[in-house]
Amino acid sequence: MPLVMLCGYPCSGKTTVTEKLKVFLEKRGRCVVLIGEEGIDRSAVYNSTTGTEKEHRGDLRSKVQKLINRDTVVILDSLNYIKGFRYELFCISKNFKTPHCVVHTIVDREMCTKWNETCQHYQPELIDELAMRFEAPNSRQRWDNPCFEVGKEGIIGQTLEDIDRALFSEGAAPRPNQSTLSPALAAPDFLAQVESMSQQVVDEIISQQSLGVTSFKIPG
């Protein structure tokens, strides 16, 4: 089932959108799993000097890989503000032959700062820093397409309908290409076969040399 990536400034309403989307999809009989950032010190993680953001993204990526399948909608409620990270997630969904979409919460910094005063998820100066580092989705790029924009008024019913249609309409799932396909596994006895063939070649060389033959064709 699909992967939904939330994307936006810190404290721009992503979690609120996530909760409404989850309720909407579950009412339609979809199985939904959320991956969020509850329980982490976001100011510490996203600090550009001493933070552990790279490790955090790796943890989010691992959770997506573990949970994504044909029967579950995975919603990733995180900043997802780096286009390279969104591309990696897109490749995961494509490898599993599942659709994906990006939901971009568009709220100005002033509003984000105001909302952060209530929840206190980030140090005030970090809001501006992360906003400056933010790489906005571009629907012309396949990993950011389709992209649904949500303003400060919140997600509306029509947008929810559009997301559901984009994820579950026929043909929505992408076909994997060479860059996202997992390599085929070798046969269990592959090494034994190579060793046996190599020994045959060595034996034939020794045999021909003992007969004084200087030029011959290797069998096989």
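Excluded from the calculations below are hydrogen atoms, water molecules and symmetry mates; all remaining heavy atoms, backbone and side chain alike, are included. Throughout, numbering of the chain's residues begins at 1 and tracks the sequence.
- Here the side chains of M5 and C101 are not in contact, with every heavy-atom distance at 4.5 Å or above.
- Each of V17 and V107 belongs to its own hydrophobic cluster when Ile, Leu, Val, Met, Phe, Trp and Tyr are linked at side-chain heavy-atom distances under 4.5 angstrom.
- The shortest side-chain heavy-atom distance between R142 and Y87 falls under the 4.5 Å cut-off.
- For the pair S93 (side chain) and H100 (backbone), a donor-acceptor distance under 3.5 Å is absent.
- Contact record, E37 with H56: OE2-NE2, 2.8 Å, taken as the closest heavy-atom pair.
- Between E53 and R57 there is a salt bridge, since a side-chain N of the basic residue sits under 4.0 Å from a carboxylate O of the acidic one.
- A donor-acceptor pair is defined here as one N or O able to donate and one able to accept, closer than 3.5 Å; such a pair exists between the side chain of N116 and the backbone of H121.
- In this structure, K14 contributes its side chain and Y9 its backbone to a donor-acceptor pair below 3.5 Å.
- Between D59 and E55 the shortest side-chain heavy-atom distance does not fall below 4.5 Å.
- Atom SG of C11 sits about 10.0 Å away from atom CD of Q120, to the nearest 0.5 Å.
- Remark: R61 engages E88 in a side chain to side chain donor-acceptor pair (under 3.5 Å) (not counting sequence neighbours).
- S43 places a side-chain N or O within donor-acceptor distance of the main-chain N or O of Q123, the cut-off being under 3.5 Å.
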Is there a salt bridge (Lys or Arg N to Asp or Glu O under 4.0 Å) between E26 and K22? Walk through the geometry before answering. CA-CA 6 Å; E26 287 179 336; K22 180 177 184 292; 2.7 Å; yes
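- Between Y81 and F134, the ring planes are parallel. Angles under 30° get that label, and only those over 60° would be called perpendicular.
- Geometrically, R30 engages F168 in a cation-pi contact, judged by NZ or CZ lying under 6.0 Å from the ring centre and within 45° of the ring axis.
- Side-chain contact check for T15 and D77: at least one donor-acceptor pair (N or O, by modelled atom type) lies under 3.5 Å.
- Side-chain atoms of L34 and T18, non-hydrogen and from C-beta on, do get closer than 4.5 Å to each other.
- The closest donor-acceptor contact from the side chain of T159 to the backbone of I155 lies at 3.5 Å or more, if one exists at all.
- Looking at L130 and Y122, their side chains come closer than 4.5 Å, going by heavy atoms from C-beta outward.
- Between F90 and W143, a ring centre-to-centre spacing not shorter than 6.0 Å is recorded.
- Contact check for V102 versus F148: no side-chain heavy atoms found under the 4.5 Å cut-off.
- In this structure, the side chain to side chain donor-acceptor pair (under 3.5 Å) partners of N69, at least two apart in sequence or on a different chain, are T72.
- Listed by chain and residue number, N138 satisfy the side chain to side chain donor-acceptor pair (under 3.5 Å) test with R140 (two or more places apart in sequence, or in another chain).
- Here the closest heavy-atom approach between residue C31 and residue D71 is recorded as CB-O, 3.6 Å.
- Contact check for I106 versus V150: no side-chain heavy atoms found under the 4.5 Å cut-off.
- Under the 4.5 Å side-chain criterion, counting only non-hydrogen atoms from C-beta, V4 is not in contact with L76.
- One finds no salt bridge joining D144 and K83 here, because no Lys/Arg side-chain nitrogen approaches an Asp/Glu carboxylate oxygen to under 4.0 Å.
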